[in-house]
Amino acid sequence: MPELPEVETVVRELRAHGLVGRTVAGVGVAWPRVLVGDTPGAFTRKLRGRRIEVVGRRAKYILLKFSGGMSLAIHLRMTGQLHFAARAAPRDVHETIWLVFEDGEELRFHDTRKFGVWKAAASLDALLPELGPEPFDPAFTVKVFRERLSGQRRAIKTLLLDQAFLAGVGNIYADEALWDAKLHPQRRADGLTRAQAAALYAAVRRVLTAGIANNGTSLGDGATNFARLEGRRGGNASTLKVFRRDGQPCPRCGVELRRIVVGQRGTHFCPRCQRSKTP
DNA sequence: ATCGCAGCCTGTACGC
DNA sequence: TGCGTACAGGCTGCGA
């Protein structure tokens with residue numbers, strides 16, 4: 001569920017809570033598969049005794065850099081949530097892994113669907129898959145975006161969701177950006193005009209910026225929705241124009257919004273504003 | 001290169 | 001109310 005704005009929100013809150021400077025005294029693992037490729041023992045040996053020096057983000061990964069050149073990547077996937085707790089506080093059944101700090105507090109990972117992943121390694125290359133540019137990297141200009149689009153025959157929405165093409169965009173913000181740019185989700189990516197590519201570039205940044213400003217998007221109120229640190233909810237849902245609003249009127253033209261499937265993902269758009277599949 | 005599908009899990013919403 | 005089914009914001013691996 002979490003996309004770039006949601007992960008960025010969590011990262012900022014981790015910093016604000018004072019995660020930097022903590023030293024790992026131990027690791028608790030209730031669901032070993034969260035570690036993918038490491039046993040709990042091997043994982044613990046990588047982190048124990050190390051101090052957290054930097055808390056950052058790359059794509060949808062939370063990155064913790066530790067003393068001695070070790071890094072930890074956390075991917076929240078669909079339902080991952082982080083929260084701090086006193087060591088003695090009771091554990092929820094959905095808590096799959098936690099760091100124990102020397103000060104007695106714990107950073108706990110609550111993950112209902114258990115898709116989330118924690119991975120530790122000395123190099124970022126070993127930690128992260130191939131990832132496209134960060135949408136807010138100054139080097140990621142509209143020119144770069146256009147160059148990356150060329151030769152891409154896939155549907156534009158599929159491309160926006162491809163983390164190797166562009167990092168951080170997920171289903172919500174892809175739909176919102178395409179509506180903003182007035183582009184049909186199934187348009188062939190290399191068929192966009194110069195102006196359309198520029199509009200999409202701006203739209204992606206605009207919807208992500210709004211998402212961050214509103215601390216992410218939380219929908220509904222079940223246990224499977226995005227929550228910020230400590231279970232707080234993001235406020236961006238009220239700004240969404242099309243996502244999961246099929247059947248309701250388009251905020252721009254009033255026509256009923258529709259839902260289709262593109263690349264096996266639910267896709268929401270306005271059949272009037274976002275018209276042609278082909279230029 | 002690109003596509004579709006299964007799989008990883010559990011909770012929620014909806015139809016009957 | 002209960003039960004079955006579809007669906008979910010992510011990603012990977014596989015075969016075609």
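Proteins come first, then strands; the chains are lettered A, B, ... in the order of their sequence lines, and each starts at number 1.
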- prompt: How is A/Gly211 classified with respect to the nucleic acid when contacts are heavy atoms under 4.0 Å: base, sugar-phosphate, or nothing?
  reply: nothing
query: Do the numbers put A/Arg91 on top of the ring of A/Trp98, so that NZ or CZ is under 6.0 Å from the six-membered ring centre and no more than 45° off the axis?
result: yes
Rounded distance in Å between the P positions of B/dG4 and C/dA8: 16 Å
- prompt: Using purine N1 to pyrimidine N3 plus N6-O4 or O6-N4 for Watson-Crick, or N1-O2 and O6-N3 for G-U wobble, both under 3.5 Å, which nucleotide pairs with B/dT10?
  reply: C/dA8
message: Do A/Glu95 and A/His83 pair up side chain to side chain, a donor and an acceptor below 3.5 Å, judged on atom types alone?
response: yes
message: Heavy atoms from C-beta onward define the side chain here; which of B/dC9, C/dC11, C/dG9 lies closest to that of A/Gln163?
response: C/dC11
Atom C1', compared across C/dG9 and B/dC3: separation rounded to whole Å: 22 Å
query: Is A/Arg113 side chain donor-acceptor paired with the B/dG11 base, going by distance under 3.5 Å alone?
result: no
query: If you look at every strand shown and take non-hydrogen atoms under 4.0 Å, does A/Arg33 touch a base, only sugar-phosphate, or nothing?
result: sugar-phosphate
query: When all nucleic acid strands are considered with a 4.0 Å heavy-atom cut-off, which category describes A/Arg154: base, sugar-phosphate, or nothing?
result: sugar-phosphate
- request: Between B/dA6 and C/dA6, how far apart are the P atoms? Round to whole Å, please.
  value: 13 Å
field: Aro-ring/base stack A/Phe115-C/dC11, d under 5.5 Å, angle under 30°
entry: no
- prompt: So, A/Phe226 and C/dG9: ring centres less than 5.5 Å apart, planes less than 30° off, yes or no?
  reply: no
message: For a side chain to side chain contact (heavy atoms under 4.5 Å, CB included) check, start with the C-alpha distance between A/Gln186 and A/Thr158, then their side-chain angles and the critical distance, and finish with the verdict.
response: CA-CA 8 Å; A/Gln186 288 175 316; A/Thr158 302; over 6 Å; no
query: Contact class for A/Gln264 vs. all strands (heavy atom < 4.0 Å): base, sugar-phosphate, or nothing?
result: base
Donor-acceptor under 3.5 Å (A/Arg146 side chain, A/Ala197 main chain): no
query: With a non-hydrogen cut-off below 4.0 angstrom, is A/Thr217 in contact with a base, only sugar-phosphate, or nothing?
result: base
field: Below 4.0 Å: OP1/OP2 of B/dG11 and any side-chain N or O of A/His94
entry: yes
task: Starting from P on C/dG10, measure out to CG on A/Leu4 and report it in whole angstrom.
output: 12 Å
- prompt: With respect to the side chain of A/Lys60, which nucleotide from C/dG9, C/dC11, B/dG11 is positioned closest?
  reply: C/dC11
query: With sugar-phosphate meaning primed atoms plus P, OP1 and OP2, does A/Gln152 contact a base, only sugar-phosphate, or nothing at under 4.0 Å between heavy atoms?
result: sugar-phosphate
- prompt: Can any side-chain N or O of A/Ser71 pair as donor or acceptor with the backbone N or O of A/Leu124 at less than 3.5 Å?
  reply: no
- prompt: Under 4.0 Å between a side-chain N or O of A/His75 and OP1 or OP2 of C/dC11?
  reply: yes
message: I need the minimum non-hydrogen distance between A/Gly216 and A/Glu6, along with the two atoms involved.
response: CA-OE2, 3.3 Å
Per A/Pro129 side chain, nearest of listed nucleotides C/dC7, B/dT10, C/dT12: C/dT12
- prompt: Base, sugar-phosphate alone, or nothing: which one does A/Tyr173 contact when heavy atoms must sit under 4.0 Å apart?
  reply: nothing
task: Could you tell me which nucleotide pairs with B/dG4 by Watson-Crick or G-U wobble geometry, both distances under 3.5 Å, or answer none if nothing does?
output: C/dC14
query: Are A/Arg77 and B/dC8 close enough that a side-chain N or O sits under 4.0 Å from OP1 or OP2?
result: no
- request: Go ahead and name the base partner of C/dG2; Watson-Crick or wobble counts if both distances stay under 3.5 Å, otherwise write none.
  value: B/dC16
task: Scan A/Leu76 against the nucleic acid and name what it touches under 4.0 Å (heavy atoms): base, sugar-phosphate only, or nothing.
output: nothing
task: Could you please name the option among B/dG11, B/dC9, C/dG9 that lies closest to any side-chain atom of A/Lys114?
output: B/dC9
